[in-house]
Protein chains: 2
Amino acid sequence: MRLSHEQFRELAAKHGLAVTHQRQVVYEAVIASHGHHSPESIYAAVRRRIPSISLATVYNNLRLFIECGLLREVSPHASTLRVDGNLKPHHHLVCSRCKSVQDIEGEFIDFNRLSRQLPDGFDLTQPLIEVFGLCRRCRAKN
Amino acid sequence: MRLSHEQFRELAAKHGLAVTHQRQVVYEAVIASHGHHSPESIYAAVRRRIPSISLATVYNNLRLFIECGLLREVSPHASTLRVDGNLKPHHHLVCSRCKSVQDIEGEFIDFNRLSRQLPDGFDLTQPLIEVFGLCRRCRAKN
DNA sequence: TTATTGAACGATAATCAGTATAAAACGACC
DNA sequence: GGTCGTTTTATACTGATTATCGTTCAATAA
Ligand SMILES: [Mn+2]
Ligand SMILES: [Mn+2]
Ligand SMILES: [Zn+2]
Ligand SMILES: [Zn+2]
């Protein structure tokens, strides 16, 4: 995908990150995945383009991207790291059973009420909300 | 604490769990802790009463309690399991930086709007919400 | 009360995700 | 080409959790 190719070069420049082939490919794999994937699964995807890449490099760069804000970390209740390439403000719907994550839109938070309940000093400038329930599949199993 | 002593026997009976000394003490340690503690720290507490207890027993029983609904699992973004003995419906405020968890009360969710955004089949009968931000301490560090 | 038996426990090995380390490769610059 | 700081790779390591298995316990039937 050419789009994320250019996108990465811009983001890297903005954050003072060197553009390497490995970084480029890792980033593109996350963006192309359109979901909330684990380092393992990103690694699998990246290896198709760079068979010699090391798992450590994938981990290192995912961490780096998260620290710089190129990616968002999403690991609610899950036992392993998940990353999200979608930086537009949005919330998540998480299945308590299988830990799957779906995006959810909409203004369903009353921030006035919420602020009143906040302990002193808690900073909510970029609130992320995760709503837990049962996904369709797990509900069917019951 | 006598209260949780009786409480556990009732809960165990209701869920068909055998009442053992170890289970009793593990459960009481969680309830007495009044927070969101790790298996390690529960283990430390329990050892003061049963020095010979195995870490595996603590893990096994915490898992069991969570599965039966005697405890609530709370491990958002944190790398290790946290348990919550407070089963009253309540939500959590989580620090994105240090992963600390605080309880938060209040009706700040507009469930009408939220329901409209839910994907088909998603079950929200017992919604748990986790709101991410920066706790006071981490904000101070900045 | 005692014997029986499946469940639970304890010790420890194994697993698995993630991190640390150090040597090799890279790449910008001279 | 030689130098130097950065990145990648290979691999060793850590820490949390789970699996295994022999031993012990607790419910209950005789
Ligand atoms: Mn998302
Ligand atoms: Mn709580
Ligand atoms: Zn599910
Ligand atoms: Zn914090």
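The chains referred to below are lettered A, B, ... by the order of the sequence lines, with proteins before strands, and numbering in each begins at 1. Hydrogens, waters and symmetry mates are skipped; everything else that's a heavy atom, side chains included, is used. The structure presented is a predicted model; accordingly, all values stated were derived computationally and were not measured.
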**Request:** Sugar-phosphate atoms are those with a prime plus P, OP1 and OP2; base atoms are the rest. Using that split, label each nucleotide of nucleotides 12-30 of chain C B, S or - for protein heavy atoms under 4.0 Å, 5' to 3'.
**Result:** B----SSBB----------

**Request:** Heavy atoms under 4.0 Å is the rule here; annotate nucleotides 24-30 of chain D 5' to 3' with B where the base is hit, S where only the sugar-phosphate is, and - elsewhere.
**Result:** ---S---

**Request:** Share the residues that join L134(A) in a hydrophobic cluster, the rule being Ile, Leu, Val, Met, Phe, Trp or Tyr side chains under 4.5 Å apart at the heavy-atom level.
**Result:** none

**Message:** Using ring centroids (six-membered ring only for Trp), state whether F108(B) and H91(B) fall under 6.0 Å.
**Reply:**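 That pair passes the under 6.0 Å test.
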
**Message:** I'd like to know whether the aromatic ring centres of F65(B) and F8(B) sit less than 6.0 Å apart in this structure.
**Reply:** yes

**Complete:** Residues pairing under salt bridge (Lys or Arg N to Asp or Glu O under 4.0 Å) where one sits in residues 36-48 of chain B, two or more places apart or in two chains, turn out to be none

**Item:** Separation of I42(B) CD1 from E28(B) CD (nearest 0.5 Å)
**Value:** 12.5 Å

**Request:** To the nearest 0.5 angstrom, please state how far the CG atom of D84(A) sits from the NE2 atom of H34(A).
**Result:**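 Taking CG in D84(A) and NE2 in H34(A), the distance rounds to 11.5 Å.
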
Interatomic distance, [X] [atom1] vs [N] [atom2] [rounded to whole Å]:
X: I42(B); N: dA16(D); atom1: CD1; atom2: P; result: 15 Å
X: L17(A); N: dT8(D); atom1: CG; atom2: P; result: 10 Å
X: L62(B); N: dC9(C); atom1: CG; atom2: C1'; result: 15 Å
X: R23(B); N: dG10(C); atom1: CZ; atom2: C1'; result: 14 Å
X: E67(B); N: dT17(D); atom1: CD; atom2: C1'; result: 14 Å

**Message:** List the residues meeting side chain to side chain contact (heavy atoms under 4.5 Å, CB included) with T57(B), not counting sequence neighbours, and say none if there are none.
**Reply:** Q22(B), I53(B), S54(B), N61(B)

**Prompt:** How would you list, by chain and number, every residue that makes a side chain to side chain contact (heavy atoms under 4.5 Å, CB included) with N112(A), sequence neighbours excluded?
**Reply:** D110(A), R116(A)

**Prompt:** For dT7(D), does either OP1 or OP2 sit under 4.0 Å from a side-chain N or O belonging to N61(A)?
**Reply:**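 So the side-chain polar atoms of N61(A) never come under 4.0 Å of the phosphate oxygens OP1 or OP2 of dT7(D).
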
